[in-house]
Amino acid sequence: MNQSKPRVRFAPSPTGQLHVGNARTALYNWLFARRFGGDFLIRIEDTDIERSEARYETQLLEDLRWLGLDWDEGPQVGASKEIGPNGPYRQSERLEIYREHIERLLASGAAYRCFCTAEQLDAEREQAIAAHQPQVYSGRCRSISSDEIEFHLTKHEPFAVRLKIGAEPIRFHDMVRGAVEFAAEAVSDPILVRSSGMPVYNYVVTIDDALMRITHVIRGDDHLSNTPKQVAIYQAFGWPLPEFAHLSTILGPDKTRLSKRHGATSIASFREMGILPEALTNYLALLGWGAEGGTRETFTMAELAAEFTLERVTPSPAIFDFNKLYWLNRHYLKAAEPKRVAALARPYFAARGWLPEASSSDSIDGWFEQLLALFLPAVDQLDQLPEKARFLFAFDPVTAIADNENAAVLTNDSARKVLGEFAARIAMLPAPVTAEAFKAAMTEVKTASGAKGKDLFHPVRIALTGAHSGPEFDKVIPLIEAGSQLPLPTPVASVQQRVERFLAALPSR
RNA sequence: GGCGCUAUCGUCUAGGGGUUAGGACGUGAGAUUCUCAAUCUUAAAACACGGGUUCGAUUCCCGUUAGCGCUACCA
């Protein structure tokens with residue numbers, strides 16, 4: 001097709017959550033459209049009334065927006081139901097169009113009525129399997145006389161509509177895979193309209209793509225075997241063929257198709273985990289597409305849109321690597337505006353009753369950003385933050401002392417001595433203990449107790465945070481102290497309170 | 001069973017008739033640190049197999065094997 005302006009579409013079925021496989025297909029379509037100044041449309045494939053639900057459609061569109069994909073034509077979440085001159089964009093609202101077109105095919109003789117029953121067809125299929133033959137329709141109804149058709153019709157017998165497939169092999173071009181050819185026998189005479197009157201996927205897709213003037217059909221390779229049927233439909237109408245591009249499947253670590261049992265795969269679940277959209281789109285772009293040179297790993301959407309080409313899409317299936325996604329997420333978390341990260345991270349803390357729901361005061365907001373700066377390098381995902389910061393809000397000396405590893409540190413005499421000296425000095429310090437004051441106190445504890453290094457710091461760390469590992473004291477001390485002065489839903493215990501309570505809980509020997 | 005698609009480090013990929021086959025994630029080691037994380041340095045790690053074509057093939061062709069998809073009056 002020789003048009004200057006490419007038009008592509010993403011055509012999901014609203015039968016469930018948007019998952020990474022479809023999201024990647026949507027992304028590649030969007031990237032391709034943006035790269036070449038074309039149009040990106042969304043069409044809802046809801047001809048399977050059994051499984052389609054409106055709430056999935058809404059969620060789908062929200063997920064797409066969250067990813068940063070916008071569309072030029074298609075359904076809308078907001079006020080107007082849809083935008084664009086080629087609607088409706090929901091297949092359930094296009095039934096009349098499909099009906100008109102089937103009449104044309106029937107009239108031209110390109111399609112015919114098939115009165116075969118399900119039982120007949122099943123029997124034929126079983127025979128074919130037993131004989132190790134390809135399963136093809138016998139073509140019994142292909143050439144029944146018009147009298148016979150009338151006879152069936154007057155008896156109100158239900159019929160399906162089938163497309164006549166010629167003898168020639170069906171060929172098309174795929175931008176990812178090159179020339180593809182299917183033998184005519186392998187295609188058989190496909191059903192276009194069910195005997196219920198409901199049109200079939202392969203038919204409606206083709207009608208819609210043609211009518212919406214789609215120039216490049218970019219979709220998952222599970223549709224590759226469907227493509228010859230669709231090509232035959234284009235040909236039956238005399239329509240020009242679009243370009244096709246079939247994207248490989250995304251697999252799980254066990255090399256089977258990625259699904260829920262491999263863990264979180266829906267876009268919504270990644271969002272809930274605290275994966276940034278730019279991390280996800282960057283990762284998805286890299287999964288199946290290689291930039292020229294192959295040494296760059298991080299791309300903004302704009303950079304992707306400037307470089308993306310279908311020719312560089314890999315034809316082989318790719319295993320989804322959660323680790324690399326997490327790495328990318330860490331990268332973008334560090335690069336993100338602190339205020340933005342704070343707004344995204346806040347709900348995880350609010351849910352535990354540790355922070356007020358909404359941004360309430362500048363002092364709390366500022367403190368929270370300080371907290372995030374400290375813990376962000378330690379996490380892959382936002383939802384891991386509360387666990388890392390738990391000791392601030394839930395200071396629990398009893399559990400800390402009971403912990404085996406901690407107990408090992410605390411049992412020796414040196415640790416007792418360190419804690420005693422430390423407590424004595426901390427108690428004397430003026431209320432908010434500064435990092436400098438803490439440091440000075442530790443230097444004194446060091447000389448008084450003779451302990452140094454681990455022996456000096458570990459007992460203190462356990463007394464203050466309940467664990468022998470964590471962020472630097474220089475940062476933690478001010479954070480604890482500042483937190484203790486804030487009107488938080490769950491009060492943060494101050495350094496002095498912590499030491500006091502810890503020693504009280506420590507069994508004497 | 002039939003038809004189709006695919007095959008470079010464990011994973012994502014770059015590359016391409018002659019290369020020390022490059023990068024990244026992950027993994028190991030080291031540096032740093034009271035510790036963990038982060039960070040920096042560094043190491044190990046791949047052309048599925050068998051035939052052709054060719055002076056030469058990981059690269060091109062054909063098979064084999066394996067994986068996946070389709071094989072519906074599902075999408």
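Below, chain A is the first sequence line, B the second, and so on; all start at residue 1.
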Answer with base, sugar-phosphate or nothing: what part of the nucleic acid does [X] contact at a heavy-atom distance below 4.0 Å?
{"X": "A:G220", "answer": "nothing"}
{"X": "A:T314", "answer": "sugar-phosphate"}
{"X": "A:D455", "answer": "nothing"}
{"X": "A:S316", "answer": "sugar-phosphate"}
{"X": "A:H246", "answer": "nothing"}
{"X": "A:I191", "answer": "base"}
{"X": "A:L376", "answer": "nothing"}
{"X": "A:E292", "answer": "nothing"}
{"X": "A:S188", "answer": "nothing"}
{"X": "A:L287", "answer": "sugar-phosphate"}

Salt-bridge contact [X]-[Y] (side-chain N to carboxylate O under 4.0 Å):
{"X": "A:E278", "Y": "A:R340", "result": "yes"}
{"X": "A:E297", "Y": "A:K324", "result": "yes"}
{"X": "A:R125", "Y": "A:D122", "result": "yes"}
{"X": "A:E96", "Y": "A:R99", "result": "yes"}

Any side-chain N or O of [X] below 4.0 angstrom from OP1/OP2 of [N]?
{"X": "A:R51", "N": "B:A75", "value": "no"}
{"X": "A:R219", "N": "B:G69", "value": "no"}
{"X": "A:Q135", "N": "B:A72", "value": "yes"}
{"X": "A:K255", "N": "B:A66", "value": "no"}

Side chains of [Y] and [X]: any donor to acceptor distance under 3.5 Å?
{"X": "A:S52", "Y": "A:R90", "answer": "no"}
{"X": "A:H216", "Y": "A:N29", "answer": "no"}
{"X": "A:D208", "Y": "A:Y98", "answer": "yes"}
{"X": "A:Q230", "Y": "A:N202", "answer": "yes"}
{"X": "A:Y112", "Y": "A:D189", "answer": "yes"}
{"X": "A:D222", "Y": "A:T249", "answer": "no"}

Without decimals, in angstroms, what is the distance between [X] [atom1] and [N] [atom2]?
{"X": "A:M442", "N": "B:U35", "atom1": "CE", "atom2": "P", "result": "13 Å"}
{"X": "A:R125", "N": "B:A72", "atom1": "CZ", "atom2": "P", "result": "5 Å"}
{"X": "A:F244", "N": "B:C5", "atom1": "CZ", "atom2": "P", "result": "15 Å"}
{"X": "A:L224", "N": "B:G69", "atom1": "CG", "atom2": "C1'", "result": "8 Å"}
{"X": "A:R390", "N": "B:C36", "atom1": "CZ", "atom2": "C1'", "result": "18 Å"}
{"X": "A:E126", "N": "B:A72", "atom1": "CD", "atom2": "P", "result": "12 Å"}
{"X": "A:K388", "N": "B:A38", "atom1": "NZ", "atom2": "P", "result": "9 Å"}

I want to verify a distance call: between [options], whose nearest atom is closest to the [X] side chain?
{"X": "A:V200", "options": "B:C73, B:G15, B:C3", "result": "B:C73"}
{"X": "A:F182", "options": "B:U35, B:G4, B:C12", "result": "B:G4"}
{"X": "A:S225", "options": "B:A75, B:G69, B:C5", "result": "B:G69"}
{"X": "A:P317", "options": "B:C34, B:C12, B:U6", "result": "B:U6"}
{"X": "A:H468", "options": "B:U35, B:U11, B:C73", "result": "B:U35"}
{"X": "A:F457", "options": "B:C3, B:A7, B:C34", "result": "B:C34"}
{"X": "A:F473", "options": "B:U6, B:U35, B:C34", "result": "B:C34"}
{"X": "A:T256", "options": "B:A75, B:C73, B:C68", "result": "B:C68"}
{"X": "A:R257", "options": "B:C12, B:A7, B:G69", "result": "B:G69"}
{"X": "A:R312", "options": "B:G15, B:A75, B:C73", "result": "B:G15"}

Inter-nucleotide [atom1] distance ([N], [M]), Å rounded:
{"N": "B:C9", "M": "B:G1", "atom1": "C1'", "answer": "37 Å"}
{"N": "B:U8", "M": "B:A48", "atom1": "C1'", "answer": "10 Å"}
{"N": "B:A46", "M": "B:C25", "atom1": "C1'", "answer": "15 Å"}
{"N": "B:G50", "M": "B:U59", "atom1": "P", "answer": "12 Å"}
{"N": "B:A45", "M": "B:U11", "atom1": "P", "answer": "16 Å"}
{"N": "B:A29", "M": "B:A21", "atom1": "P", "answer": "27 Å"}
{"N": "B:G15", "M": "B:A7", "atom1": "P", "answer": "13 Å"}
{"N": "B:G63", "M": "B:U6", "atom1": "C1'", "answer": "16 Å"}

Quiz item: Any N or O donor-acceptor pair linking the side chain of A:S195 to the base of B:C73 at under 3.5 Å?
Solution: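 Yes.
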Quiz prompt | Check: B:A75 base within 3.5 Å donor-acceptor of A:N202 side chain | solution =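 No pair found.
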Quiz item: Does NZ or CZ of A:R312 come closer than 6.0 Å to the centre of the six-membered ring of A:F308, within 45° of the ring's axis?
Solution: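 Judged by the rule (NZ or CZ under 6.0 Å from the ring centre, within 45° of its axis), A:R312 is not positioned above A:F308.
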Using Watson-Crick or G-U wobble geometry with both distances under 3.5 Å, which nucleotide pairs with [N]?
{"N": "B:A14", "value": "none"}
{"N": "B:U20", "value": "none"}
{"N": "B:C36", "value": "none"}
{"N": "B:A57", "value": "none"}
{"N": "B:C68", "value": "B:G4"}
{"N": "B:G50", "value": "B:C62"}
{"N": "B:A43", "value": "B:U27"}

Practice problem: Could you grab the distance from atom CZ of A:R9 to atom OH of A:Y89, nearest 0.5 Å is fine? | Solution: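 OH of A:Y89 is found 13.5 Å from CZ of A:R9.
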Quiz item: For every nucleotide of nucleotides 18-29 of chain B, 5' to 3': is a protein heavy atom under 4.0 Å from its base (B), only from its sugar-phosphate (S), or from neither (-)?
Solution: ----BBBBS---
Practice problem: Using a 4.0 Å cut-off on protein heavy atoms (strictly under), produce a 5'-to-3' string for nucleotides 45-50 of chain B with B for base contact, S for backbone-only sugar-phosphate contact, and - for none. | Solution: ------
Self-check item: Greater than 12 external heavy atoms within 6.0 Å of A:E337's CD
Solution: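 Open.
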Self-check item: A:T465: side-chain contact (heavy atoms from CB on, under 4.5 Å) partners, not counting sequence neighbours
Solution: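 Result, side-chain contact (heavy atoms from CB on, under 4.5 Å) vs A:T465: A:F391, A:R461, A:A467, A:V476.
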